[in-house]
Amino acid sequence: MFNQDTITRFQSTETPFYYYNLDVLRQTLQACHDASSKYGFHVHYALKANFNPKVLEMVKSFGFGADCVSGGEVKAAMDFNFGHDKVVFAGVGKADKEINLALDNDIFCFNVESVQELEIINELAQAKSKIANVAIRINPNVDANTHAHITTGLDENKFGVNMWQLDDVVAALKACAHIKFTGIHFHIGSQITDMEVYKVLCGRINEIQDWFEQRGFPVTVLNAGGGLGVDYYNPDTNTITDFETYFKIFADNLNVKPGQEVHFELGRALVAQSASLISRVLYVKNGHKKNFLVLDAGMTELMRPMLYQAYHEIENLTRQGEVNDLKYDIVGPICESTDCFRKDVDFPTSLRGDLIAIRTAGAYGEVMASGYNLRDRVQSVYSV
Ligand SMILES: *Cc1c(COP(=O)(O)O)cnc(C)c1O
């Protein structure tokens with residue numbers, strides 16, 4: 001929802017740009033903070049969802065840690081003072097220089113995704129006479145009931161160590177003198193809205209932590225990952241994800257033992273609703289079979305629809321309140337047929353110059369912008 005002052009401001013701003021509503025961001029972070037601190041849970045923000053500097057500053061101000069998936073993100077987490085002891089580092093392909101950077105910064109924990117990676121971290125830590133804290137990322141074979149392109153916790157996915165490899169993990173842990181086993185980590189997918197999935201995950205975590213303890217490896221960190229979804233269909237009426245219900249599921253179903261810490265890694269749910277991509281209609285092409293609105297934004301600014309067949313609400317801000325009397329395919333300017341935000345959208349009759357908002361674009365939006373077609377880098381504008 002944009003008030004008239006905001007739309008007037010958009011009219012005098014060059015498009016396309018990401019518009020950040022900092023009030024929505026603040027309220028979302030507050031809600032997550034309140035719901036998680038009730039149980040003493042630790043939340044790490046997944047930087048890959050959005051590393052816009054203003055977003056990072058605000059996330060950090062709520063005391064959240066950082067969840068990183070590259071050396072660049074570890075560096076950003078350090079630069080933005082998230083605190084080295086609040087940085088976790090996951091990723092199926094950590095390069096040696098990235099591991100070294102994380103060792104140099106004494107991060108809280110590596111989330112290790114294979115036996116071979118464990119051995120390499122051990123070697124690199126030994127060379128620096130350090131001990132690396134690790135949690136084992138386990139693929140629990142739990143179906144996240146989300147889009148196949150953003151499911152990560154099934155046997156056929158590349159992430160984590162499979163359950164049948166855990167004996168090898170234990171053998172490797174015994175052999176690695178420069179590794180300290182701290183616990184177990186899970187991340188089964190993204191845009192998860194079916195809360196039953198998290199109950200199943202809790203059951204699996206309980207079994208696996210017992211398995212490690214029976215083998216002489218006490219688990220101090222239970223890291224449940226992220227993946228909590230948002231409502232892409234109702235950004236104005238369901239703006240803030242139900243963090244209360246989410247954390248309560250873990251509080252009720254996880255078997256948390258004395259001295260254990262419970263960690264989460266949330267990305268999307270914290271930032272998605274705080275931004276929209278604002279664009280203008282460049283051309284209207286009415287045909288026999290299709291009507292097209294060609295925007296000045298495309299997959300170079302927001303790639304989710306093209307990459308994951310993701311749905312975004314799209315609004316014509318210039319014609320708010322007018323009847324939807326036509327159907328359009330809303331497309332970008334890029335020389336690719338997949339450069340389409342949505343097909344057959346019910347829309348008011350639109351004209352060149354109309355302002356278009358693509359909603360719920362704060363997560364995996366600006367961060368995936370590319371320079372393909374030698375396009376200008378998309379700008380950011382903030383609410384005042
Ligand atoms: C991407 C990612 C997250 C965050 O996922 P969301 O769906 O944005 O909450 C958390 N943990 C890991 C390891 C990730 O790769």
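Since the model is a prediction, treat every value here as computed from it, not as a measurement. Both counts, for ligands and for their atoms, begin at 1 and track the order of listing.
- Looking from atom 10 (C) of ligand 1 to the surrounding protein, the closest heavy atom is Asp67 OD2, 3.2 Å.
- Using modelled atom types and a 3.5 Å distance limit, the side chains of Ser380 and Glu366 yield a donor-acceptor pair.
- Among all non-hydrogen protein atoms, the one lying nearest atom 7 (O) of ligand 1 is Ser190 OG, 2.3 Å.
- Considering backbone and side-chain atoms together, Gly189 places no N or O closer than 3.5 Å to any N or O of ligand 1.
- In this structure, Tyr364 has its ring center at least 6.0 angstrom away from the ring center of Tyr308.
- Annotation for ligand 1: atoms under 4.0 Å from non-hydrogen atoms of Arg268 are 6 (P), 8 (O), 9 (O).
- Considering backbone and side-chain atoms alike, Glu265 places an N or O below 3.5 Å from some N or O of ligand 1.
- Among all protein heavy atoms, the one lying closest to atom 14 (C) of ligand 1 is Lys48 NZ, 2.9 Å.
- Aromatic ring orientation, Phe347 versus Tyr328: perpendicular (interplanar angle above 60°, classes split at 30° and 60°).
- Distances below 4.0 Å separate heavy atoms of Ala90 from the following atoms of ligand 1: 13 (C).
- Ligand-side atoms of ligand 1 in range of Tyr364: 1 (C), 4 (C), 5 (O), 6 (P), 8 (O), range being under 4.0 angstrom from any heavy atom.
- His187 CE1, 3.3 Å is the protein heavy atom nearest to atom 5 (O) of ligand 1.
- Asp329 has no carboxylate O lying under 4.0 Å from a charged side-chain N of Arg342, or vice versa, which leaves the two without a salt bridge.
- Under the ring pair (Phe, Tyr, Trp, His ring centres under 6.0 Å) criterion, Phe82 pairs with no residue at all, not counting sequence neighbours.
- For Tyr246, the ring pair (Phe, Tyr, Trp, His ring centres under 6.0 Å) test picks out Tyr198, Phe250, Phe264, with sequence neighbours left out.
- In this pair, His263 and His44 present their aromatic rings parallel. The plane angle is below 30°, not in the 30 to 60° band.
- At least one cation-pi condition fails for Lys54 and Tyr20: the charged atom is not both under 6.0 angstrom from the six-membered ring centre and inside a 45 degree cone around its axis.
- When each atom of ligand 1 is checked for a heavy atom of Ala46 under 4.0 Å away, the hits are 3 (C), 4 (C).
- In this structure, Ala269 has no heavy atom closer than 4.0 Å to ligand 1.
- For Gly267, a nitrogen or oxygen atom sits less than 3.5 Å from a nitrogen or oxygen atom of ligand 1, counting backbone and side chain alike.
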